[in-house]
2 protein chains.
Amino acid sequence: MFRGPRKLGHMSAVPTDESERRSGPLLQHLARRMRLRSESVLTPLGLRPRHLVALTVLRDSGGISQQGLAATLQIDGTNVVGLLNDLEADDLVERRRSPEDRRRHVVSLTEAGTKRLREAECALAGAEEDVLGALAPGERDLLYELLRRASQGRSSSCAEVVAEGGPDAC
Amino acid sequence: MFRGPRKLGHMSAVPTDESERRSGPLLQHLARRMRLRSESVLTPLGLRPRHLVALTVLRDSGGISQQGLAATLQIDGTNVVGLLNDLEADDLVERRRSPEDRRRHVVSLTEAGTKRLREAECALAGAEEDVLGALAPGERDLLYELLRRASQGRSSSCAEVVAEGGPDAC
DNA sequence: TGGATCGTTCGTGTAGGACCAACTATTTAT
DNA sequence: ATAAATAGTTGGTCCTACACGAACGATCCA
């Protein structure tokens, strides 16, 4: 893990430390704004924000077990069931039993799902324009690319992190 | 599932359109992962993710009315009250009556608040490392900068957008 | 054969946050 | 001067997303 040069014991009383700014809160804030905007647009399509997240993950992953999906989305397996029930009821997704392990369901987008996802993304242009309006088109592409790469990075479980993390490291 | 009024799109039958990918779902996904990681780290500091968002906004804005804060955070004014009550109870924030309009409270970080925010950001290093681990340090800085600029862009209200938006524009 | 694993259902709990009503203090408009 | 609008506050209700637990069928594996 990255161990940068650490804090100096004697900072001025009003330090304004620029180097420790975190993306977390900003991410939180923008995601929230985006979600608020998206809901009204998604409703006519019979989708909710979380559905869209799932569909996106499914498109990127091709086919994936429900466990894998739960791990990727970081939500409880039991809740994945309900999510997929929604999507399957609308024929956007299909569960096929895995041939090599018949306990597993391999989840993948149907053609209708692919199409619906595209419609949704199209409909979200306005929301994105509004929330990311301060960024130039090229910057938005850059942002997308960074977010995509970050999303695909390894996702360790909370347990692992707690185990490995130890003290606060700062 | 959640049956809204349907509206069939008429899209070309074949494509895999790369150009309409949206950052929204990715933002959603990463923000969620970051929030899950953050909570356990923030708890010992007596903070919640939303507190951190508020503190961050306050640091960036210097002093701001509660209405302004509500608009920026895009949460209801009545909920801002509770949020600020939390923070003020911990002496992280102060409300001063505005001299030029004594109805207003100007909210700003206290010194303790600035300090606590820095501590929190410091403690969040691990969470960020985990969620953004796939990005190189320079890329994380870039991401932060993009997010910051996007956050500071004008935030129109939902009402405005609905009024101006009209049809889907796609 | 007896665990362990994947998915499923159901039920409970918690938290964020919207929204409404009613109230006070203050400003602005008539 | 008085009425209307605005900023904040309190208290309440409601909805949604999720976590988490229990119990179950199907399947794999030792």
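A note on names: the letters A, B, ... follow the listed sequences, proteins ahead of strands, and every chain is numbered from 1. Fair warning: this is a prediction, and the values are worked out from it, not measured in the lab.
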Checklist line | Intermediate values then yes/no, salt bridge (charged side-chain N to carboxylate O under 4.0 Å, His left out), E39(A) and R37(A) | finding: CA-CA 6 Å; E39(A) 271 164 357; R37(A) 287 278 183 281; over 6 Å; no
Margin query: For R116(A) and D90(A): C-alpha separation, side-chain torsions, deciding distance, then whether salt bridge (charged side-chain N to carboxylate O under 4.0 Å, His left out) applies.
Written below: CA-CA 10 Å; R116(A) 185 76 63 86; D90(A) 242 12; 3.4 Å; yes
Note to self: With heavy atoms of chain A within less than 4.0 Å as the criterion, where does contact along DNA chain D begin and end?
What the structure shows: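 Listing 5' to 3', DNA chain D meets chain A from dT16(D) to dC28(D).
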Atom-pair distance ([atom1] on [X]; [atom2] on [N]), nearest Å:
X      : N       : atom1 : atom2 : result
D76(A) : dT8(C)  : CG    : P     : 13 Å
Q74(B) : dA18(C) : CD    : P     : 9 Å
I75(B) : dC19(C) : CD1   : C1'   : 13 Å
L83(B) : dA15(C) : CG    : P     : 16 Å
R37(A) : dA18(C) : CZ    : P     : 13 Å

For residues [X] and [Y], report the shortest heavy-atom separation together with the two atoms involved.
X       : Y      : result
P49(A)  : R35(A) : CG-CG, 3.8 Å
M34(B)  : G24(A) : CG-CA, 3.7 Å
S108(A) : G62(A) : CB-O, 3.5 Å

Next item on the list: Could you pick out which residue, E100(A) or G82(B), lies toward the 5' side of DNA chain D when each is mapped onto its nearest nucleotide?
Entry: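 Checking each residue's closest nucleotide, the 5'-ward one belongs to G82(B).
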Check: Do the side chains of L92(B) and L47(B) get nearer than 4.5 Å, heavy atoms only?
Finding: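 Yes, their side chains come closer than 4.5 Å.
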Margin query: Between S98(A) (side chain only) and V106(A) (backbone N and O only), is there a donor and an acceptor less than 3.5 Å apart?
Written below: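 Between the backbone of V106(A) and the side chain of S98(A) there is no qualifying donor-acceptor contact (under 3.5 Å).
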Note to self: Would the distance check show the side chain of E88(A) and the main-chain N or O of R95(A) forming a donor-acceptor pair, the cut-off being under 3.5 Å?
What the structure shows: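 A pair under 3.5 Å: yes.
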Margin query: Between R97(A) and H105(A), does the side chain to side chain contact (heavy atoms under 4.5 Å, CB included) criterion hold? Intermediate values first, please.
Written below: CA-CA 5 Å; R97(A) 296 217 90 101; H105(A) 284 166; 3.5 Å; yes
Next item on the list: Mind running a 4.0 Å heavy-atom check of residues 43-56 of chain B against DNA chain D and sending the residues that fall below it, in number order?
Entry: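 Contacts with DNA chain D under 4.0 Å: none.
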Check: Near DNA chain D, under 4.0 Å by heavy atom, which residues of residues 84-98 of chain B?
Finding: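 Only N85(B), R95(B) qualify.
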Notebook entry, point to check: Would you say dA25(C) has OP1 or OP2 under 4.0 Å from some side-chain N or O of H105(B)?
Noted result: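 No, H105(B) has no side-chain N/O under 4.0 Å of OP1/OP2 on dA25(C).
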Note to self: Side-chain N or O of N79(B) versus OP1/OP2 of dA18(C): is the shortest distance under 4.0 Å?
What the structure shows: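 Checking dA18(C) against N79(B), a side-chain N or O does come within under 4.0 Å of OP1 or OP2.
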Margin query: So R35(A), base contact, sugar-phosphate only, or nothing? Heavy-atom distance under 4.0 Å.
Written below: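 Result for R35(A) = nothing.
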Check: With no hydrogens and no angle check, do the side chains of T114(A) and R59(A) hold a donor and an acceptor under 3.5 Å apart?
Finding: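 Side-chain D/A pair, T114(A) to R59(A): absent.
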Notebook entry, point to check: Only one of E139(B), R33(B), R140(B) clears side-chain contact (heavy atoms from CB on, under 4.5 Å) with L132(B); which?
Noted result: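 Checked E139(B), R33(B), R140(B) against L132(B); only one passes side-chain contact (heavy atoms from CB on, under 4.5 Å): R140(B).
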Item checked: R103(A) vs Q66(A), nearer the 5' end of DNA chain C by closest nucleotide ->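 Of the two residues, R103(A) wins.
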